[in-house]
Amino acid sequence: MRKQFAVIGLGRFGSSVCRELYKLGHDVLAIDMNEEKVNNLTQFSTHSVIANGTDENALQSLGIRNFDFVNVAIGDNIQSSILCTLILKEMGVTNVWVKAQNYYHHRVLEKIGADRIVHPEQDMGIRIAQHIVSEKIIDYIELSDEYSIVELIATEKVSGKSLAQLDIRAKFGCTILAIKRDKDINISPFPSSLIEEKDILIVIGHKNDLKRFEEEGL
């Protein structure tokens, strides 16, 4: 379903969000005070506007409260990020996602009602670290302090075996959500589904169980 998004702050993170949303076919309003940054996003947004994200009148004139999601991606100016978020919530914007710089910034954003707070550098750092320490890990998504989703490469050890034979849930407490093979993806595979070497297994579970499965099961 086509949705309406606004992105305030067009640094590297904000620009990436704009480009991807636009590529996915959504309406995107790109906002920044820097004319050059706004011009760079003209081809990758439905509308691009030079405006101050802390100017309530400017935001009202853009009809910002009518957007499905507003992403506050203001860079190093924490004060502007907080003020912009506060204005958006007071205006009645339903979904405000905000990029946080640090723990204290995160705490303040929570207090003023940000709907989702993201730490792109921290999240990417975790995913890269997980990939570095194991050749079997392709990607890593942290769901909470205890649970994660990982993409693991199937080895020769499990090749030709079915999910029922491996009995991963009983042995390791993990669940295979999908199996990717080349360009095909098998969502919610059956117990009879066979695994081939170099398949990518998308697995959810407790971090300790996932680690044990990676080390002992593959």
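As a basis for the values below, the full set of heavy atoms in this structure was taken, side chains included, without hydrogen atoms, waters or symmetry mates.
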Which atom of [X] lies closest to which atom of [Y], heavy atoms considered:
{"X": "L86", "Y": "I112", "result": "N-CD1, 3.9 Å"}
{"X": "L210", "Y": "V150", "result": "CD2-CG2, 4.0 Å"}
{"X": "S148", "Y": "K207", "result": "OG-CE, 3.2 Å"}
{"X": "D209", "Y": "G173", "result": "OD2-O, 4.1 Å"}
{"X": "C18", "Y": "A30", "result": "SG-CB, 3.8 Å"}
{"X": "V38", "Y": "V49", "result": "CG2-O, 3.5 Å"}

When you measure from the side chain of [X] to the backbone N and O of [Y], does any donor-acceptor pair fall under 3.5 Å?
{"X": "S15", "Y": "R12", "answer": "no"}
{"X": "E215", "Y": "R212", "answer": "no"}
{"X": "T46", "Y": "V28", "answer": "yes"}
{"X": "S81", "Y": "N77", "answer": "no"}
{"X": "H26", "Y": "K3", "answer": "yes"}
{"X": "N52", "Y": "T54", "answer": "yes"}
{"X": "R19", "Y": "L41", "answer": "no"}
{"X": "D32", "Y": "L10", "answer": "yes"}

How many angstroms lie between atom [atom1] of [X] and atom [atom2] of [Y], to the nearest 0.5 angstrom?
{"X": "L109", "Y": "W97", "atom1": "CG", "atom2": "CH2", "value": "14.0 Å"}
{"X": "L29", "Y": "S45", "atom1": "CG", "atom2": "OG", "value": "7.5 Å"}
{"X": "T175", "Y": "F213", "atom1": "OG1", "atom2": "CZ", "value": "10.5 Å"}
{"X": "D199", "Y": "T155", "atom1": "CG", "atom2": "OG1", "value": "11.0 Å"}
{"X": "I195", "Y": "S159", "atom1": "CD1", "atom2": "OG", "value": "9.0 Å"}
{"X": "R181", "Y": "L201", "atom1": "CZ", "atom2": "CG", "value": "9.5 Å"}

Following the transitive rule for hydrophobic clusters with a side-chain heavy-atom cut-off under 4.5 Å over Ile, Leu, Val, Met, Phe, Trp and Tyr, establish whether [X] and [Y] coincide in one cluster.
{"X": "V17", "Y": "V70", "answer": "no"}
{"X": "V7", "Y": "V118", "answer": "yes"}
{"X": "I78", "Y": "V96", "answer": "yes"}
{"X": "I8", "Y": "V98", "answer": "yes"}
{"X": "F67", "Y": "I50", "answer": "no"}

Please verify the inter-ring angle class for F69 with F5; under 30° counts as parallel, over 60° as perpendicular, anything in between as tilted.
parallel
Evaluate L218 against K157 for side chain to side chain contact (heavy atoms under 4.5 Å, CB included), listing each step before the verdict.
CA-CA 6 Å; L218 290 177; K157 180 179 178 179; 5.8 Å; no
Would you mind reporting whether [Y] and [X] have side-chain heavy atoms less than 4.5 Å apart?
{"X": "V158", "Y": "L166", "result": "yes"}
{"X": "I31", "Y": "I64", "result": "yes"}
{"X": "I82", "Y": "H105", "result": "yes"}
{"X": "L152", "Y": "I200", "result": "no"}
{"X": "I204", "Y": "C174", "result": "no"}
{"X": "I202", "Y": "I179", "result": "no"}

Discussion item. Counting only heavy atoms not in Q60 (residues, nucleotides, ligands), do more than 12 fall under 6.0 Å from its CD?
Written reply: yes
- Message: More than 12 heavy atoms of other residues, nucleotides or ligands under 6.0 Å from CG of N102: yes or no?
- Response: yes
- Item | S188/L177 under side chain to side chain contact (heavy atoms under 4.5 Å, CB included): CA gap, chis, key distance, verdict | CA-CA 5 Å; S188 298; L177 301 176; over 6 Å; no
>> Under the rule for side chain to side chain donor-acceptor pair (under 3.5 Å), what residues qualify as partners of K180, not counting sequence neighbours?
In response: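 Applying side chain to side chain donor-acceptor pair (under 3.5 Å) to K180 gives E151.
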**Message:** Under the criterion side chain to side chain contact (heavy atoms under 4.5 Å, CB included), I'd like the reasoning laid out for D115 against K89: C-alpha separation, chi angles, the key distance, then a yes or no.
**Reply:** CA-CA 9 Å; D115 299 283; K89 293 310 297 181; 2.8 Å; yes
How about F44 and Y22: are their ring centroids closer than 6.0 Å?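 Centroid distance F44-Y22: not below 6.0 Å, so no.
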request  = Could you walk me through whether F190 and L163 pass side chain to side chain contact (heavy atoms under 4.5 Å, CB included), step by step?
outcome  = CA-CA 8 Å; F190 292 111; L163 295 182; over 6 Å; no
